[in-house]
Amino acid sequence: MITPKQDRDIDFSDMDMLASYRVEDMPPQEREALVDEIVAAASLVPQQPRMTSFFKMHSMTAAPVAALVVVAVLGYSIGFGLTRQTAFSRNASAQQVSSTEAEYFNQMVFGSKSWKEVCL
Amino acid sequence: MVEQSSDYELLQRTARGDTRAYRELIGRHLVRGVKVAERMLGNRQDAEDVMQETCLKIWKEASRWKPQAKFSTWLYRVVLNACIDRKRLVVPAMTNEMDDILDPKPVAEDEMIERQRSASVRQALQRLPDRQRAAVVLSYYEEMSNQDSADLMDIGLGAFQQLLFRAKQNLKENLVEEEEHDNAKTGS
């Protein structure tokens, strides 16, 4: 089994001085006092609510959804606009056709004179 | 026998506002965290402040935790980053080298030499760039494997080995300088 020590390819054996740097252990009372202090401080600090974190953590999910909504609205608007425009154009063409047909009919029946001149 | 809860279980309870679970969780990691921070910063007071900030961060952000890495890895990463940030902001405080010298209690000569050596190593370590110092602290003092240290520092294994190699070279030079400095002091 490889121990963490063996795993290290760079050893510090030629720097034996390093071992002389000792950090004193924290006495149990001191440790307890620090834990008490931290817990007391924490009780005054509000925790991050889960919902906020949900949206922040899942921003990758929220972005495509927003994009889809925008595309859907745009698509609907454009589609609706085109439909309206198509209907309008169709009416206009129909009117134009009917007007042309009437003129043609008049021309055929009444010649160069208008039907009013012939009848009246 | 009482079964011990895992860090993750304690964190989940902490996220629900359970202060007993929070107390147990920080109690587990406090001593080691303070030691790492003390070696990074060079003094106990700043180390305790950093650990306090880190623990408050755990409390606030407990609900955001995702078990993608070991909790302890994340915790020591936060401690290291907080130490590096603190080093950048705060003017280096006088270390307790002066306290050692002005200590009114009489000490044996051997102990005096030992204290002086300890202070020299501390100074040499503090003169290293932040990331190099972190590499030495994790690898030598915390006896972590290169892979674990690299994960903790969020770098690749190769990058960590290079960092450690440079740290070792610089530390050697710093230690020689500190020793010469001490010899000059004791010789005068």
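Labels below follow one simple rule: chain letters A, B, ... track the order of the sequence lines, proteins then strands, and each chain is numbered from 1.
Proximity of a side-chain donor or acceptor of A/Gln47 to a complementary backbone N or O of B/Thr14 within less than 3.5 Å is detected. The backbone N or O of A/Ala42 sits nowhere less than 3.5 Å from a side-chain atom of B/Tyr22 that would complete a donor-acceptor pair. Remark: the backbone N or O of B/Glu114 is not paired with any side-chain donor or acceptor of A/Ser20 at under 3.5 angstrom. Put simply, the side chain of B/Trp59 gets close to the backbone of A/Val45: a donor and an acceptor are under 3.5 Å apart.
Note that the NZ atom of B/Lys172 and the CE atom of A/Met17 stand 13.5 Å from one another [nearest 0.5 Å]. The line from OG1 of B/Thr54 to CD1 of A/Ile38 is 9.0 Å long, rounded to the nearest 0.5 Å. Remark: B/Arg122 CZ to A/Leu18 CG distance equals 14.0 Å, nearest 0.5 Å.
Hydrophobic clustering places B/Leu10 together with B/Tyr8 (ILVMFWY residues linked when any side-chain heavy atoms are closer than 4.5 Å, directly or through intermediates).
Counting heavy atoms from C-beta outward, A/Tyr21 and B/Arg39 have side chains that approach closer than 4.5 Å. Between B/Ile26 and A/Val39 there is a side-chain heavy-atom pair separated by less than 4.5 Å.
Taking all atoms of both residues into account, the shortest heavy-atom contact from A/Arg22 to B/Ser118 is N-OG, 3.7 Å. Smallest separation of non-hydrogen atoms from B/Gly27 and A/Val35: CA-CG2, 4.2 Å.
Neither the backbone nor the side chain of B/Ala124 comes within contact range of chain A; no heavy atoms are under 4.5 Å apart. For a residue to count as touching a neighbouring chain, one of its non-hydrogen atoms must lie under 4.5 Å from one of that chain's; by this rule B/Ile58 does not touch chain A. There is no contact between B/Arg32 and chain A, counting heavy-atom distances below 4.5 Å.
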Starting from the C-alpha separation in whole Å, work towards a yes-or-no answer on side chain to side chain contact (heavy atoms under 4.5 Å, CB included) for B/Arg23 and A/Glu32.
CA-CA 10 Å; B/Arg23 172 183 285 274; A/Glu32 279 304 303; 4.0 Å; yes
Under 3.5 Å, which donor-acceptor pairs do the side chains of residues 23-30 of chain A form with other protein atoms, sequence neighbours left out?
unit_1, atom_1, unit_2, atom_2, d
A/Asp25, OD1, B/Lys35, NZ, 2.6

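The greatest number of non-hydrogen atom pairs below 4.5 Å with chain A, out of B/Ala62, B/Ala47, B/Ala15, B/Ser149, is found for B/Ala15.
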